[in-house]
Structure formats: C-alpha cells, structure tokens
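Report on the following structure.
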Amino acid sequence: MIRITFPDGTVREYQKGVSSYEVAMSISPRLAAEVYAATVNGELRDIARPLDTDSTLRLHKWDDPEAKHAFWHSSAHLMAEALESLWPGIKFGIGPAIENGFYYDVDPGEGKVITDADLPVIEARMKDLAARNSQIVRTEVSKKEALELFTAKGDEYKTELISELEDGTITLYRQGNFTDLCRGPHLPDTSAIKAIKILSLAGAYWRGDEKRRMLTRIYGITFPKQKMLDEYMVMLEEARKRDHRRIGRELELFSFSHKVGMGLPLWLPKGADLKQRLIDFMTRVLKKRGYTMVSTPHIGSVDLYKTSGHYEKYGADSFRPITTPQEGEVFMLKPMNCPHHCEIYNATPHSYKELPIRMAEFGTVYRYEQSGELHGLTRVRSFTQDDAHHFCRPDQLKDEFKSIIDLVQYIFKIAGFSEFTAQISLRDPQNHEKYIGSDENWEKAEKAIIEAAGEKNLTTTIAIGEAAFYGPKLDFMVRDAIGRKWQLGTIQVDYNLPERFELTYMGNDNQKHQPVMIHRAIFGSMERFVAVLIENTSGKFPIWLTPDQAVMLPISEKFNEYAKTILNLLNNSDIRTLIDDRNEKIGKKIRDNELKRIPYLLVIGEKEAESGTISVRRQGEGDKGVMKPEEFIRLVRDEIGREIDV
RNA sequence: GCCUCCUUAGCUCAGUGGUAGAGCAGCUCACUCGUAAUGAGCAGGUCGUGGGUUCAACUCCCAUGGGAGGCUCCA
C-alpha cells in the first residue's frame, strides 16, 4: 500500500501502482471525468501514470492551467494524427499547448500547401478520430530508439530535436496510428475532446530562425463541451469588435493612407485631440515630479548615432541616411531621442547638487519596421514617445528607478490598466558580444533594477537575453483585445551612453564624475498607448479624456435655438459639447450618438425649453432624468475629479 | 522580408467569362417628432495597380501595391 496526501492534508491509502485517475474515481466518478492532469510530488504527470510511492497528489480540473495544458497538448497530437492521415508523409515540427489552445508546426512536403479551405477538413477528421476514444500511451525510450524511429519515418525535424535531448529522458506518446516525441503530460485517451475548432494558419520559421525553412503553423482550440467552444467563439467575436483599428475608424480617431505610406499614422481631429489631452496631462504630472521639458529636431547627424553606438547596431535596419547637396553631410531620421538628450546635458556644466536631472520630451521618432510587422497603431514606422532621461549620481539610481515605477503605476491606474505585467530584461550571460559596456556596470545596473522592483513589491518575470544592447530594463506590458501583450512603459538603466558622450558632473570632491542615465517611457508611445486604451475601453474613454463629452439633442428643429444656448454655456464651462441639430427623429439621434460613445446625451424638447433644464442620458446606461445645466456641469466636473484624482 | 488568406462605392459586403449590385453613410425633399434606425428620391465605383490569355476579363494567369493572422525583430 502507498499513502497519498491530498492538498487539504487528508491522507488515503491505495494499492501500489494505482493511477491518479483511479484515485479520482475512488473519490467520485464525476470528479474523475473532469480531471485532466495531476501534480505528483510537485511534478506534473499524466493521470494514467501509476503511483509507486507515497506521494502528494493534486488533481487538476479544467479551471487549472495544468489541466488545459494537457487537454490542448493532447489535442495537438490528435490534430497531428488527423494531418498525417490527410497528408501522408507530412513532417512535424513542434506542437505545443499555448495560452488559448494549441498549434502544430508542420511541413506538408514539397509542392503541397495547406490552405484555409482545409481547416474544416482537418476539424472533421479530428472529430472522427476523437470519437474512437483511442488510448494515449506513454513509453520511455532510449535516444537511439527514438532516433531510429523518426529517422525511419523521415521526420528530420523530430530527429533534430531528439539529437539535442539527453538520453534517458525521452518519452513518446502514441494514440491510434500516431506516435510523437513528447514530454507530456497527456489525457488518458481522446474521448474528452468533444468540441474542436481549427482556427487559423500561419507561417512559422523552424525554430524561429528566419534563415531556416518556413513551416505551416496550424492553430486550433478544443473544449470538453460544445457550449464552451461556442462561448469562446462569441468571446473572440466580441474581442474583434474592440479592435482599435475598427474603433479608430468608427470614431474618426486616426487613419492610414497608401499615399502617405504604410505604418505612418494620420491623426484625425478627434484622435489628435485625444492624443494632445494625454500629452497635456502627462506634462502636468511630469512638471510636478521635477521633470523639465526639452525639444529636439527630427533628424540628427550620422555622427551622433555613431557616437551613441546605435548606428553600428541598427544602422543597416534603419531608414536610409539623408544626404544634402553639400557633400559629406549625412543625417539620419531620429530613431530615438537619447543621443540628442545627451547633447542637451552636455550643453551646460553640471554640479552634483543639480542631479538628478529629469529631461522629458514627446519626441517623434522613425524606425524602419519590416512591412509584415506593421499593425494598426501598435506597430508603426513613425511614433511619438513620451520619452525622458534621468541623469543621476550612482547613489541616486535606485531611488530614481523607484520613483519611475511609482509613476508607471500612477498612470496605469488612471488609464484603468489594472492587469499589467512587469518584466525584468537582463542580458544573456552566454552572449556578451551582443551588448556594450563593462561587466561591472551591467552587474550594478541589473542589481539596481531587481532591488528597486523588489522594494516596490512589483510582481515581475525575468527574461534572460531580452536586455537592450546598452543596458538592462524593466518593461510594463498590457494586453490588447485578443490577449496579445504590448510593451508600453519601459525603464532602462544605461552606463554606456554617459561614457560614449563623455557626460560628467562636478562632484563635491571637485572632480569630474560620470552620471548614470535612465531611459524611460510611461505611455511607451502615444500611438501604442492609445491603441491599447481603445481596446481596453472599447472606445468608451474616461470622460476627462474623451474627445466629446456631451452632445445636445434637440427633439425637433424648434428647440435648436435653446439647445444652442445650453451648448454655449457648457462649452464656456469647459465641457466639450456638440450639437446634433440634424433633421432626424430623437430615436435616430440617440442611436447615432450612442454609437459614437459620447458619454452624455442631452435631450432638449418643449419641457426643457420651458423649465430651463436639460434631460440627461448617460451613454450605455440610459435616461438619468432632468436637471439644471449647472447641476450637470457639477456632475461632469465631479466625475472628472474622481477619474484623475487617483 | 517569409507563409496562408484577402483586396468591388466613404464603411460592411453580394456578384457573373458578355465592362456591376445591396445596406449603412452622404446629398435633396417631405415630416417637426420625447430616449437605440421616419419615408421618398438623388448621387457615388475605369471592381487596388500593371501586364497577359480571350472576340470579350471585375471574373482566368503572371507581376506588383496594400491589408489580415502568424514567424522574426522591436534601440
């Protein structure tokens, strides 16, 4: 007998060799039917695997990520089995479970193409195969056996993977006629996979390397119940409606023009207004926090970027240099503001007493992004950073860093980004040539970031090898409508530019010292921030920020005049108000302005005109009753006060 | 840049080897209206661009621009 300890501390005895599934059955068959994976002594396992020793056991139901992972991983294998039966000889790369569903990278073979039209076919075959309730069987094999198996099959991608694995750790999973190299864990059989949707196709380079072959990546998702899949598809559809490109067009915020060029956003009046309001707000916040504003040109001499090291690192991937009629003059479109700011620092001498200097600019920069990379406002070739550089003494570094974390948290709170992630990006210790600067400075900078994040109680993930070439960084990421993560805020420590630009300050010892530089952006870029804000709010911006706060809706043309007097009153009271005096019925006006997401719709008819009132309707909420214009002004001001005073 | 798909009116989309339609938006007129679409009429497209096949191409083929989803990259 072996003793199994459950998460709640209870202990039960079982026959040696009992499976996690059987344990679940012994508790309740209903539980067993919903368990897809188990953590045994801290190790995630198939529920079909036998338990041989006294163990702690956690059973994972659907709501646990571990369960979904096993479910979707098995689904990936099921899809692979379907693909192999449809395209004999197809070769397989990797097929993992992902956050929502799974994919498999495949090579259908020379001259064969999988297209969108094949997706329903794959789906149907998967359903057939799933219905056979094939057992999913785990076997441990030697490296030699594994290599022989996949060499015989001609699966060169798998053999490449196997050749990098350690002997004795290799496992295979087989269901039906399909065998895959896999660590697991998996479902005991395919019967639980009831609802299947093959979502999309994409190209993906083998092992993410663009010099290697491009495989076909097939994305899918599965659920134990059809209803869950239906709900998921509805959720996806809802998310698509929040796409900032769609809302940006509907609300007339921004546009792109083929003639102007791809990736070059055009801010329409309402969007420009919104963007400017964000800039004004941020400027007020920065001034309170001891920043000074600076302004620099959109181009800079190529020497500037040679000094900074950017030219060497990125010159080939940038917009081409600009040359002048005068020979020998070469300029670059500004891809970042830091070198300019370094030269502003150098324009005047500095004492240790002045530091930290916090220099901010809403600087528009230009970066050549590959055409396939461009995406709405989140990935563009021209964008405005809310950029700033802190020049500080080494002893001030950590406090400066912490103050910026504070600022990020403050701004994200006002923007309503409650769910953001913070990532500390360090250099790859295996690959020092990717970075510039001394080991000593890197270690100091990395230590400062980790400590500062720790002292601010920030939950962080650490990404090795993701640092900028000049220093480590802390990035803040927010999700868009369909769950993609976008980096907004970033804080980066840099000992290298101060050295390259020979930045100095006079210390209390009457000696020159080198300041430390912190690069930081809070919004990241105005473009990306607005995009993420649109998707997080569905275009229902907070009232302090929204382009139009209220719209007057006269019930008929008879009341246009009264509506206009109120319009003037509101606008003079700094409430951004429009009038919809079209010759339309009130129902139509309400519908149109609701769709424009204007927060307050003010209906004006005979009653209001007689009593000197307005009838207030809140967007998305309905009629709020009649009030005096002064009351409404107070209402809006209070609301703005609550939004900004966080 | 690469893979798959898409590209028809301002927007959303039909459509056929015989040079095009709908809804919404726009404009005009009538109605003067009470909380999510009043009615009628008008106007709007060399079917992304350039080649080719054909008696004839929006439709088939090639190239190219642009877009979508990914891959890669993101100072």
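For the segment residues 294-310 of chain A, the set of residues with a heavy atom within less than 4.0 Å of an atom of RNA chain B comprises A:His310, in numerical order.
Residue A:Val113 is classed as a sugar-phosphate contact, given heavy-atom separations below 4.0 Å to backbone atoms only. Using a 4.0 Å heavy-atom criterion, one finds that A:Lys473 contacts the sugar-phosphate atoms exclusively. A:Tyr219 comes within 4.0 angstrom of the backbone, heavy atoms only, and of no base. No contact: A:Thr216 has no heavy atom under 4.0 Å from any strand.
In this structure, A:Phe529 has its ring center under 6.0 Å from that of A:Phe523.
The nearest heavy atom of RNA chain B to A:Gln492 and to A:Gly208 marks one nucleotide each, and the one closer to the 5' end goes with A:Gly208.
Comparing B:rC3, B:rU4, B:rG69 by their nearest atom to the side chain of A:Met214 picks out B:rC3. Side-chain proximity of A:Asp116 to B:rU4, B:rG69, B:rA75: nearest is B:rU4.
The phosphate of B:rG69 (OP1 or OP2) has a side-chain N or O of A:Arg245 nearer than 4.0 angstrom. Taking 4.0 angstrom as the limit, A:His375 places a side-chain polar atom (N or O) nearer than this to OP1 or OP2 of B:rG69.
The aromatic rings of A:His310 and A:Tyr470 sit perpendicular to each other, their planes meeting at more than 60°, with 30° as the lower class boundary. Between A:Tyr104 and A:Phe92, the two ring planes are perpendicular [angle over 60°; tilted spans 30° to 60°]. Between A:Phe256 and A:Phe254, the two ring planes are perpendicular [angle over 60°; tilted spans 30° to 60°].
Under a cutoff of 6.0 Å and an axis angle of 45°, A:Arg618 and A:Tyr600 form a cation-pi pair.
Scanning atom types as modelled, no donor and acceptor separated by under 3.5 angstrom connect the side chain of A:Arg213 and the base of B:rC3. Side-chain N/O atoms of A:Arg249 and base N/O atoms of B:rC11 include no donor-acceptor pair closer than 3.5 Å. Judged by distance alone with a 3.5 Å cut-off, no donor-acceptor contact links the side chain of A:Tyr205 to the base of B:rG70.
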Would A:Lys334 and A:Thr296 count as a side-chain hydrogen bond (donor to acceptor under 3.5 Å, both in side chains) if you check the C-alpha gap in whole Å, the side-chain angles of each, and the deciding distance to 0.1 Å?
CA-CA 10 Å; A:Lys334 172 166 83 173; A:Thr296 62; 2.8 Å; yes
Each nucleotide in nucleotides 33-40 of chain B should get exactly one letter: B, S or -. Can you fill that in based on protein heavy atoms under 4.0 Å?
BBBBBB--
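Between A:Arg520 and A:Glu400 no salt bridge is recorded (no basic side-chain N to carboxylate O distance below 4.0 Å). Salt-bridge check for A:Arg246 with A:Glu250: passed, with a basic side-chain N closer than 4.0 Å to an acidic carboxylate O.
Side-chain atoms of A:Arg217 and A:Leu201, non-hydrogen and from C-beta on, never get closer than 4.5 Å to each other.
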